Amino acid sequence: TYGLPVTLTNCSNNYGPFQFPEKMIPLMILYALRGQPLPVYGDGGHVRDWLFVEDHCQAIRLVLARGKPGQTYNIGGGNQPTNLEVVQLLCAILDEEHPQGKPHARLITHVPDRPGHDRRYALDSSLIRAELSWAPSHDLPDGLRRTVGWYLANSEWVDVLVCADHQEAKKRVMALAEKMDGVRALDGGPLANSRYLEEFTVVLLNLNKTYKARTSLKITGISTTPKG
């Protein structure tokens, strides 16, 4: 109506590094690493389309640069696995990357389905593929392997979120911030600036509070309600 250069995007289920651990994929990874049961709703036949977060970012960047004003673009990963298949694939990757003597799939536990649980999500991404020549760079096995690798390499980040004691969480945040600052300062990245370090600390502590408020999840001995 007013000629504003607005574009819209709709996406399917995202996954990848830094995802809040109440979501299904990081939840399953963290539970599996601790040998806890992997809760799968019902028969596990619920279908989702999974989009690796870096592919989503690339698509958004492309829409901002070349998208037509007023157009809506769907962004999906182009896959339709069941939740059970996703969990089984995660278990197979963990068997390779973090073997624990027994197959991780033994931890899969079917739990009562939640009321009104959508059986299938689907997304048609043909427009952005045809008009902007976008396609995801990561298929599901590759994206999941990258995600598992990130969580294996960044346990400190998870420890901050799930820490029950706020003062201890603050100590862990500062240790993580200093570690990241040492890496980023080499190339003059944002964490080399003390103001950004302070903001980074505040964000992680707020995530810690949000985590405890929004979920009954217990990564080190707690019960769960997986999302996604």
Side-chain angles (χ1 to χ4, degrees), residues 1-27 29 47-81 83 86 89-90 93 118 120-154 157-158 161 176-177 179-204 206-207 210 227-228:
T1 301
Y2 298 100
L4 295 174
V6 174
T7 52
L8 301 176
T9 64
N10 301 314
C11 71
S12 59
N13 284 33
N14 277 218
Y15 70 98
F18 288 103
Q19 190 168 31
F20 205 63
E22 69 169 353
K23 298 298 182 181
M24 188 184 85
I25 287 176
L27 178 69
I29 294 171
V47 174
R48 300 291 183 266
D49 181 295
W50 294 95
L51 176 64
F52 190 60
V53 63
E54 292 179 8
D55 288 329
H56 190 190
C57 292
Q58 291 169 358
I60 291 173
R61 187 180 299 116
L62 196 59
V63 169
L64 286 171
R66 294 170 45 200
K68 294 180 180 178
Q71 187 61 274
T72 298
Y73 298 92
N74 290 338
I75 307 169
N79 51 63
Q80 289 280 290
N83 284 351
V86 172
L89 184 51
L90 284 170
I93 294 170
D118 297 329
R120 179 173 181 259
Y121 294 165
L123 200 67
D124 180 0
S125 301
S126 58
L127 180 62
I128 191 172
R129 290 171 181 260
E131 190 174 293
L132 302 182
S133 300
W134 174 87
S137 299
H138 306 86
D139 62 17
L140 186 61
D142 177 55
L144 289 179
R145 189 172 295 277
R146 288 171 178 264
T147 302
V148 168
W150 187 88
Y151 280 96
L152 287 174
N154 291 276
W157 185 81
V158 177
L161 295 188
L176 180 57
K179 176 183 175 181
M180 294 185 69
D181 184 44
V183 175
R184 298 293 184 88
L186 295 176
D187 59 7
L191 289 180
N193 183 303
S194 60
R195 179 171 64 85
Y196 286 105
L197 262 177
E198 184 176 333
E199 292 174 357
F200 172 79
T201 302
V202 170
V203 167
L204 275 187
N206 284 337
L207 279 174
T210 302
K227 309 290 183 181

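None of these values were measured; they are calculated from a predicted model.
At distances below 3.5 Å, not a single donor-acceptor pair connects side-chain atoms of Asp49 with backbone N or O atoms of Ala122. Under the 3.5 Å distance criterion, the side-chain polar atoms of Tyr73 are matched with a main-chain donor or acceptor of Lys68. For Glu131 (side chain) and Ser126 (main-chain N/O), no donor-acceptor pair under 3.5 Å exists by modelled atom type. Under a 3.5 Å cut-off, the side chain of Asn79 and the backbone N or O of Pro81 do not form any donor-acceptor pair.
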Kindly determine whether Asn13 and Met24 satisfy side chain to side chain contact (heavy atoms under 4.5 Å, CB included), including the steps that lead there. CA-CA 10 Å; Asn13 284 33; Met24 188 184 85; over 6 Å; no

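In this structure, Pro136 and Arg129 have side chains that are in contact, with non-hydrogen atoms separated by less than 4.5 Å. Counting only heavy atoms from C-beta outward, the side chains of Trp134 and Ile75 approach each other to under 4.5 Å.
Across every non-hydrogen atom of Leu8 and Val6, the tightest pair is CD2-CG1, 4.2 Å. Of all heavy-atom pairs spanning Asn14 and Trp50, the tightest one is O-CZ3, 4.2 Å. Between Ser137 and Gln58 the shortest heavy-atom distance is OG-OE1, 3.6 Å. Residue Ser12 comes nearest to Gly76 through the heavy atom pair OG-CA, 3.5 Å, listed as atom of the first residue, atom of the second, then distance. Between Ala59 and Ile128, the shortest heavy-atom distance links the atoms CB-CD1, 4.0 Å. Shortest non-hydrogen contact noted between Leu132 and Leu62 is O-CD2, 3.2 Å.
Test Ile25, Ile29, Asp139 against Leu144 for side chain to side chain contact (heavy atoms under 4.5 Å, CB included) and you get one pass: Ile25. No option in Val148, Thr147, Asn154 other than Thr147 meets the side chain to side chain contact (heavy atoms under 4.5 Å, CB included) test with Tyr151.
The ring-ring contact (aromatic ring centres under 6.0 Å, His included) search around His138 returns Phe52, not counting sequence neighbours.
Of the inter-residue distances, the one linking Leu123 atom CG with Arg48 atom CZ reads 12.5 Å to the nearest 0.5 angstrom.
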